[in-house]
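Keep in mind it's a predicted model, so treat the numbers as computed, not measured.
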Amino acid sequence: MFEPMLDSKIVGETIAVARKRKGISQDVLSGLAGIGRTHLSAIERGERKPTLETLYRISLALDMKMSDIVIMIEDKM
């Protein structure tokens with residue numbers, strides 16, 4: 001049985017790439033997004049998947065639309 005899954009590694013790598021393109025450190029991004037730096041680090045390493053709320057906060061902190069991040073993730077999948 002086929003069960004599609006969202007690849008947490010791709011999600012994390014996409015967020016890390018977007019963050020680095022903006023020239024923002026994990027400390028700064030986590031502060032702007034209102035999440036812990038260790039939580040952001042775990043997301044970027046693919047150890048945790050962000051909730052929609054967390055992804056929304058990250059996208060706002062990156063000054064991006066959440067849909068643009070989702071499109072980037074889909075393009076890598």
Side-chain angles (χ1 to χ4, degrees):
M1 182 169 97
F2 174 69
E3 291 186 33
M5 296 279 296
L6 185 60
D7 188 326
S8 57
K9 284 276 194 200
I10 291 174
V11 173
E13 289 170 3
T14 302
I15 291 169
V17 165
R19 175 180 60 77
K20 290 172 186 174
R21 282 184 187 161
K22 297 282 185 173
I24 301 172
S25 69
Q26 283 185 342
D27 282 330
V28 170
L29 180 58
S30 62
L32 292 171
I35 62 175
R37 193 202 58 78
T38 54
H39 185 188
L40 177 61
S41 179
I43 290 170
E44 287 191 359
R45 289 192 310 271
E47 295 172 1
R48 297 186 71 174
K49 289 182 187 174
T51 63
L52 282 175
E53 179 67 28
T54 299
L55 186 59
Y56 181 67
R57 289 175 171 207
I58 289 169
S59 67
L60 288 179
L62 291 170
D63 194 29
M64 297 177 70
K65 291 181 183 178
M66 186 168 69
S67 59
D68 290 338
I69 294 176
V70 172
I71 289 168
M72 290 170 62
I73 292 166
E74 289 177 330
D75 287 346
K76 289 184 180 184
M77 294 179 70

Original post:
Hey, does Val17 have a side-chain heavy atom less than 4.5 Å from the side chain of Lys76?
Top reply: yes

**OP:** For the pair Arg19 (side chain) and Ile24 (backbone), establish whether a donor and an acceptor sit closer than 3.5 Å, ignoring hydrogens and angles.
**Re:** yes

Subject >> Pair Thr38, Ser41: side-chain N/O donor-acceptor within cut-off below 3.5 Å >> reply: no

Original post:
Side chains of Ile71 and Asp75: closer than 4.5 Å at any heavy-atom pair?
Top reply: yes

**OP:** Side-chain contact test, heavy atoms from C-beta onward, threshold under 4.5 Å: evaluate it for Val11 versus Pro50 and give yes or no.
**Re:** yes

Original post:
At what distance, to the nearest 0.5 angstrom, does CD1 of Ile73 lie from CD1 of Ile10?
Top reply: 9.0 Å

Original post:
So how far is it from Ile15 CD1 to Leu62 CG, rounded to the nearest 0.5 Å?
Top reply: 8.0 Å

Subject >> Shared hydrophobic cluster, Leu6 / Leu55 (ILVMFWY, side-chain heavy atoms < 4.5 Å) >> reply: yes

Subject >> Pair Leu32-Val28, side chain to side chain contact (heavy atoms under 4.5 Å, CB included): steps then yes or no >> reply: CA-CA 6 Å; Leu32 292 171; Val28 170; 3.8 Å; yes

**OP:** Check step by step if side chain to side chain contact (heavy atoms under 4.5 Å, CB included) holds for Met72 and Met64.
**Re:** CA-CA 12 Å; Met72 290 170 62; Met64 297 177 70; 3.8 Å; yes

**OP:** Measure the NZ-CG distance between Lys65 and Leu60 for me, rounded to the nearest 0.5 Å.
**Re:** 12.5 Å

**OP:** Working to the nearest 0.5 Å, report the span between CD1 of Ile58 and OG1 of Thr51.
**Re:** 8.5 Å

**OP:** Working to the nearest 0.5 Å, report the span between CD of Gln26 and NE2 of His39.
**Re:** 12.0 Å

Original post:
Is it true that Met77 and Ile69 fall in one hydrophobic cluster, defined by side-chain heavy atoms closer than 4.5 Å?
Top reply: yes

**OP:** In plain terms, say whether Glu53 and Arg57 are close enough for a salt bridge, that is, a side-chain N and a carboxylate O under 4.0 Å apart.
**Re:** yes

**OP:** Quick one: do Met5 and Lys49 satisfy side chain to side chain contact (heavy atoms under 4.5 Å, CB included)? Show the steps, please.
**Re:** CA-CA 11 Å; Met5 296 279 296; Lys49 289 182 187 174; 4.1 Å; yes

Subject >> Distance, nearest 0.5 Å, that separates CD of Glu13 from CD1 of Ile43 >> reply: 14.0 Å

